[in-house]
There are 2 protein chains.
Amino acid sequence: MARTAYHHGDLQQQVHDQALAVVREHGDSAISLRALAKQIGVSAPALYRHFADRESLLAELAISGFEALRQRLLQVKHTPPRQALIGIGLAYVRFAQDEPNLYRLMFGGQVLPRGFHPRLDDAGKAAFQVLEDTVERARHSGYLKPMPLALMTATAWSLVHGLSQLTIDGHLPNADAEPHLAEGITSLLLEGAIADTNRATDNNEDSP
Amino acid sequence: MARTAYHHGDLQQQVHDQALAVVREHGDSAISLRALAKQIGVSAPALYRHFADRESLLAELAISGFEALRQRLLQVKHTPPRQALIGIGLAYVRFAQDEPNLYRLMFGGQVLPRGFHPRLDDAGKAAFQVLEDTVERARHSGYLKPMPLALMTATAWSLVHGLSQLTIDGHLPNADAEPHLAEGITSLLLEGAIADTNRATDNNEDSP
DNA sequence: GCTATAAGTTAACGGTGTTAACATTGGCAT
DNA sequence: ATGCCAATGTTAACACCGTTAACTTATAGC
């Protein structure tokens, strides 16, 4: 795998890295196969040896994004239910705010429709699974009401995803003025999900 | 303004309508100025007399979308707080499900960034205002806890927006199996937002 | 060493948004 | 009624884009 003109042995990885950098900085619409090839110093059709088409390359980048998100969520400690739930919600939103362009690609339903890139679908589910596990632990411990797990996780995901999208797109102008918005929102949802037994103690925890 | 070859007097509206139809059916990425011009029977640069560029045309379509969404939300009756809140949440999600491609354009932060099309920003705020008014009414009536209005509306909007996006992009596979998912999610959030005084009576209302 | 194949090359097709330069028309003021 | 101006079209051209076909080169395995 010598570094000759042909077979320089690293094209796939190099394209992936370069494209990921472009997406993170300028968004997926800034990805041009021809421009990428020129930057790397290779002809444009060479990329087709490693990616079926532009969309497949974008799918690979989105997979990287979901894996990065999953790693972030996995780092949230298994603290008592309330902190764990709020912690994972905040970690989710923070990821979106740290990587807005990547996050938009991951959930860009138009540019990357589900069902066409199995590994992408799997990567998304794997990230979601971490969130679901956290909810399940809280529910199993009796902290949450015994509602259907699917309902609870769908609610949690909707909330953090919606908040992420709205903030990174500038729809919530006072997001800067309210740095604790994410925490407040998560807590507000929790108020409706916790079992009545835990209601009194929790409120005391919040405002010491 | 006769219908001669030149000055056929209706180009702006015609382009708008045709483009809107394309977006609704195939999404914003399917919009091609050249193709639009050809369909209408006019040269491509003619469109630039009425739209600064492709993005400006898309912005106009998104404005139409926000106005349609606003009309939907305005049609929700001013029933007692709980029904009004759930009703407007369901109306919001239903709009997104009825017009997924249009909805994606309206909230496509990459293709239509905020701050570049003032009328678009205004249209978005006007739609959001309807949701905020409903929350404010419920809060003023004492049905909701006396929390900051911005926090409550941000939470509500995040939830319905997140749910909309996740369902239309196919991230919640059991959305079909759970037709009452939207209602359940909205109710779950409400559980944490209603004042304690109303808690008992409400639960009785829900399951008759 | 020969050969199959993986991994590059150039040339070309059809498409895109956009601009420049030019042509035609309709409405308004004289 | 006429003449002019601004609005609104036209064609030609530029610089891109994704993608395919046909060809060339180097590597790995027998």
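Everything quoted here is computed from the prediction, not taken from an experiment. Naming: A, B, ... by sequence-line order, numbering from 1 per chain.
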In whole angstroms, the gap separating P of D/dG9 from CD of B/Gln14 amounts to 10 Å
Practice problem: Under the salt bridge (Lys or Arg N to Asp or Glu O under 4.0 Å) rule, what do B/Arg70 and B/Glu67 come out as? Steps first, then yes or no, please. | Solution: CA-CA 5 Å; B/Arg70 179 165 176 274; B/Glu67 287 170 350; over 6 Å; no
message = Measuring to OP1 and OP2 of D/dG9, would you say a side-chain N or O of B/His50 lies under 4.0 angstrom away?
response = yes
### Query
Under 3.5 Å, is there a donor-acceptor pair between the side chain of B/Asp28 and the main chain of B/Val23?
no
Discussion item. I'd like to know if the side chain of A/Arg139 reaches the main chain of A/Lys145, judged simply by a donor and an acceptor atom lying under 3.5 Å from each other, with no hydrogens or angles considered.
Written reply: no
Applied to residues 29-54 of chain B, the ring-ring contact (aromatic ring centres under 6.0 Å, His included) test, sequence neighbours excluded, yields none
Taken in chain and number order and not counting sequence neighbours, the residues that satisfy side chain to side chain contact (heavy atoms under 4.5 Å, CB included) with A/Pro113 are A/Glu55, A/Phe116
From CG of A/Leu47 across to P of C/dA6 the rounded distance in Å is 18 Å
CZ (B/Arg24) and CG (B/Asp98) are apart, to the nearest 0.5 Å, by 9.5 Å
Are the aromatic ring centres of A/Tyr92 and A/His161 under 6.0 angstrom apart? no
* **Under-4.0 Å salt bridge between A/Arg82 and A/Glu191** => yes
So, with a heavy-atom separation below 4.0 Å from DNA chain D, the residues of residues 108-116 of chain A are none
Per-nucleotide protein contact along nucleotides 12-20 of chain C, 5' to 3', at a 4.0 Å heavy-atom cut-off (B base, S sugar-phosphate only, - neither), is B---BBBB-
Can you tell me if CZ on A/Arg114 sees more than 12 non-hydrogen neighbours from other groups inside 6.0 Å?
yes
Rounded to whole Å, CG of A/Asp10 lies from C1' of C/dA6 at a distance of 16 Å
Rounded to whole Å, the CZ-P distance (B/Arg49 to D/dT8) equals 8 Å
Worksheet item: Would you say A/Arg54's side chain and A/Ile31's backbone share a donor-acceptor pair under 3.5 angstrom?
Response: yes
So CG of A/Leu69 and CG of A/Leu74: to nearest 0.5 Å the spacing works out to 9.5 Å
Next item on the list: For this output row, return yes or no: ring centroids of B/Phe66 and B/Phe95 closer than 6.0 angstrom.
Entry: no
Ordered by number, residues from residues 20-30 of chain B within less than 4.0 Å of DNA chain D (heavy atoms) are none
Here the distance between atom P of C/dT9 and atom CD1 of A/Ile40, to the nearest Å, is 11 Å
Whole-Å distance, A/Phe51 CZ to D/dT19 C1', equals 16 Å
Double-helix bend of the helix from C/dG1-D/dC30 to C/dT30-D/dA1, axes at both ends from 5 pairs, round to 10°, gives 10°
Which of A/Val93, A/Leu189, A/Leu163 passes side-chain contact (heavy atoms from CB on, under 4.5 Å) with B/Ser158? Answer is A/Leu163
